[in-house]
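Structure record follows, encoded as structure tokens.
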Amino acid sequence: MAGLFTWKFIQYRNRYAFHVMGYCLTTAKGAAETLKLNMALILLPVCRNTITWLRSTRLARALPFDDNINFHKTIAAAIVVGVILHAGNHITCDFPRLISSSDEKYQGLQRYFGDTKPTYLDLMRGVEGITGIIMVVCMVVAFVLATHWFRRSLVKFPKPFDRLTGFNAFWYSHHLFVIVYILLIVHGEFLYLIHKWYNKTTWMYLAVPVLLYVGERSLRALRSGHYSVRLLKVAIYPGNVLTLQMSKPAAFRHKSGQYMFVQCPAVSPFEWHPFSITSAPGDDYLSVHIRQLGDWTRELKRVFAAACEPSVAGKSGLLRADDATKKSLPKLLIDGPYGAPAQDYKKYDVLLLVGLGIGATPFISILKDLLNNIVKMEEENDTLSELCPPTVPQNGERVDLATLMKASRRVKWTLKTTNAYFYWVTREQGSFDWFKGVMNEVAESDQRGIIEMHNYLTSVYEEGDARSALITMIQALNHAKNGVDIVSGTRVRTHFARPNWKKVFTKISSKHPCAKIGVFYCGAPVLGQEVGKLCHDFNQRGSTKFEFHKEHF
Ligand SMILES: Cc1cc2nc3c(=O)[nH]c(=O)nc-3n(C[C@H](O)[C@H](O)[C@H](O)COP(=O)(O)OP(=O)(O)OC[C@H]3O[C@@H](n4cnc5c(N)ncnc54)[C@H](O)[C@@H]3O)c2cc1C
Ligand code: HEM
């Protein structure tokens, strides 16, 4: 940006027009050059399919793809500065200087503006003026509605927009950028003080990113038509969580930690909402866990609750629908999968997964994937010990070469993850039902103790409360005696009050000296900062290195 600004600034500093309009002109033109670059750059971090693909390439080592939206916002901020400098200088400084210039000075600019000096109105109502004004208006609306405050707020809009929520207002207004891009290309063709076609470079900056983004949107539209899924199971849990289990389209390949968009025409034919995929890549179905938050998720629950029946004794969930109930369920469309920070878990031997409430969803898929691999590994090992008898062949005894070859191929098959620690912090005990099935399975199948699971219930007693300490002690005794937790009824350890993160980090770092540990966090930013800071602090102290990845939804 600095380079482009300086280049244009110097170019116009050396032109005749500088003697008429001065530094207002050089600044306006310098800013315009950065705007062209930034309007191109801003589209790249929101090309989700491209980024998902790039995450799996070597580029992921150099570029922080997890920060794509922050990059998008930073470029947006640079655009705000660019627009202020560009439009501000034209409107308040160089236009007035041009129209008030002496006839003698104006003569040198006649070939650009005509024989008679233009008025202020002439300049404003030219193509560049009109397109510029409309772009600024569209941008102001879209920028204001895109601010964090609006996106996250529950502002009530006046009629006829009263059904819009903050996020939807942001989403729809963001599409004003389609108009902005069309106008920007037109604006770039009618620039004053530029006649030669090769100096009109706006379209050159924009061509590739705009085409890439148009391709992305077309792909999404095409794919969503193909990805109409059949619902296999629906369950509604305490804590207002809805689980949807659906058939997996043949071409759908995801990694644990990734997310997908879901659309339900019975709720809204326009809205697509993102949800982490909770099933593992090896499962033959897809599943999502959806917590009710606003209008769309609430309506989704209502629509599905109408098609559900009370749960059969022994099955978890308050209401259920599956093949047995034979009720017709609303149609569902999906789009994805898309990349997310947690998908990098395979890079590490030791994992620390921290989920807050519904933020556990990306990690459930990881746990399931680990579990599937553990089961597969156990099976492989059983086959291996059958193929390769533990006793060393005695003198004269022969081992079939084919058997040995087969066995050696199998020996290579190992599980990269040696340890995974899952910390799930929830408000109430009922939340445990959301993922009870998976946790039970993990606890039962993971005989080697690769996965350690902790559930923290924070709404029972305050931290430091004597009752909390007492229950924790009873829990620990029971766990030691029976290996079973009294709250969860499984090997998952339930704790009362908030986790002591420092202790958790101390324990893990002393257990894994010199290891590189992948710390994945999904939840409210406040705790994310704390966990991130602990990673940084522990990295300064010992040989264990913690690499922090966070996500927030
Ligand atoms: C990558 C990702 C993964 C997610 N995974 C899960 C999950 O596994 N389980 C779960 O319960 N929730 C998940 N969410 C959050 C979920 O998408 C929102 O809770 C849901 O879209 C809320 O919609 P609403 O209309 O009911 O609520 P609203 O009141 O309209 O919105 C509440 C908040 O949700 C966000 N939001 C709303 N609509 C969208 C949208 N279309 N796209 C992105 N964000 C939106 C906004 O920040 C908004 O402030 C995830 C979000 C993201 C970005
Ligand atoms: C010139 C300015 C901008 C342009 C051209 C632009 C363009 C876009 C585009 C094309 C998308 C992708 C939508 C999609 O395909 O899903 C997007 C998403 C988004 N933009 Fe912008 N934007 C601009 C400014 C801003 C600003 C000022 C903010 C906030 C401060 C912002 C925040 C976001 C967010 C949060 C998303 C959602 C990304 C996601 O989760 O997929 N944008 N923007």
Side-chain angles (χ1 to χ4, degrees), residues 1 4-5 8-9 11-12 15 17 20-21 24-44 46 72 75-99 109-114 116-146 172-214 217:
M1 281 180 226
L4 285 176
F5 184 91
K8 272 288 147 179
F9 189 94
Q11 199 180 62
Y12 276 85
R15 284 183 63 170
V20 182
M21 293 177 259
C24 308
L25 176 70
T26 51
T27 311
K29 289 289 184 181
E33 206 61 26
T34 67
L35 280 172
K36 291 184 215 170
L37 171 75
N38 288 333
M39 287 299 283
L41 277 185
I42 200 162
L43 290 179
L44 300 180
V46 288
H72 180 76
I75 296 294
I79 289 175
V80 174
V81 176
V83 169
I84 292 172
L85 288 179
H86 175 74
N89 269 297
H90 275 331
I91 293 172
T92 65
C93 183
D94 58 13
F95 285 2
R97 285 181 71 160
L98 174 70
I99 54 178
L109 296 176
Q110 269 173 352
R111 65 193 186 105
Y112 299 112
F113 298 100
T116 40
K117 216 183 330 167
T119 62
Y120 195 78
L121 199 63
D122 289 338
L123 290 172
M124 293 300 279
R125 68 180 173 200
V127 178
E128 56 277 54
I130 300 274
T131 50
I133 292 168
I134 302 176
M135 278 195 289
V136 170
V137 172
C138 289
M139 279 191 173
V140 168
V141 175
F143 272 71
V144 170
L145 294 180
Y172 294 124
S173 65
H174 233 58
H175 286 81
L176 284 173
F177 288 124
V178 175
I179 301 175
V180 172
Y181 276 97
I182 295 170
L183 293 178
L184 183 58
I185 290 170
V186 178
H187 191 78
E189 288 303 305
F190 287 87
L191 300 178
Y192 72 74
L193 301 173
I194 295 177
H195 275 333
K196 302 205 178 79
W197 70 269
Y198 54 81
N199 283 335
K200 296 177 179 172
T201 53
T202 310
W203 69 271
M204 298 182 199
Y205 280 92
L206 298 183
V208 172
V210 167
L211 285 179
L212 189 67
Y213 186 69
V214 169
R217 291 299 288 253

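- By the 4.5 Å heavy-atom criterion applied to side chains, Ile79 and Met139 are counted as neighbours.
- The shortest side-chain heavy-atom distance between Leu184 and Tyr205 does not fall under the 4.5 Å cut-off.
- Taking every heavy atom of both residues into account, Tyr120 and Ile91 meet most closely at OH-O, 2.7 Å.
- Residues Phe177 and Val180 meet the side-chain proximity criterion, which asks for heavy atoms closer than 4.5 Å.
- Of all non-hydrogen atoms in Ala78 and Asn38, the two that sit nearest each other are CB-ND2, 3.6 Å.
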ask   = What do the steps show when you test Thr131 against Ile134 for side-chain contact (heavy atoms from CB on, under 4.5 Å), and what is the final call?
value = CA-CA 5 Å; Thr131 50; Ile134 302 176; over 6 Å; no
request  = Walk me through it: do Met21 and Tyr12 pass the test side-chain contact (heavy atoms from CB on, under 4.5 Å)?
outcome  = CA-CA 10 Å; Met21 293 177 259; Tyr12 276 85; over 6 Å; no
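- His174 and Ala146 make their closest contact through CE1-CB, 3.7 Å (heavy atoms, listed as atom of the first residue, atom of the second, distance).
- By the 4.5 Å heavy-atom criterion applied to side chains, Ile75 and Met1 are counted as neighbours.
- One distance of note links CD1 of Ile84 with CG of Asn89; it measures 11.0 Å at 0.5 Å rounding.
- Between Glu189 and Val127 there is no side-chain heavy-atom pair separated by less than 4.5 Å.
- What you find for Arg97 and Val20 is that their closest heavy atoms are NE-O, 3.4 Å.
- To the nearest 0.5 Å, the span separating CG on Asp94 from CD1 on Ile99 amounts to 10.5 Å.
- Put simply, OG1 on Thr116 and CG on Asp122 are 8.0 Å apart, with the number rounded to the nearest 0.5 Å.
- When all heavy atoms of Leu123 and Phe113 are compared, the pair lying nearest together is CD2-CE2, 4.0 Å.
- Ring geometry, His86 versus His187: the interplanar angle exceeds 60°, so the pair is classed perpendicular (tilted spans 30 to 60°).
- Heavy-atom minimum distance, Lys117 versus Leu98: CD-O, 3.5 Å.
- How far OG1 of Thr27 is from NE2 of His90: 10.5 Å, rounded to the nearest 0.5 Å.
- The shortest distance between side-chain heavy atoms of Tyr181 and Leu43 falls below 4.5 Å.
- Here Ile130 contributes atom CD1 and Leu183 contributes atom CG; the two are 10.5 Å apart, rounded to the nearest 0.5 Å.
- Note that CZ of Phe5 and OG1 of Thr26 are 7.0 Å apart. Values are rounded to the nearest 0.5 Å.
- The side-chain heavy atoms of Leu44 and Leu41, taken from C-beta on, include a pair separated by under 4.5 Å.
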message = Go through it in stages, so that I can follow the logic: the residues are Thr201 and Glu33, the test is side-chain contact (heavy atoms from CB on, under 4.5 Å), and I'd like the CA-CA distance, side-chain angles, deciding distance and then a yes or no.
response = CA-CA 9 Å; Thr201 53; Glu33 206 61 26; 4.1 Å; yes
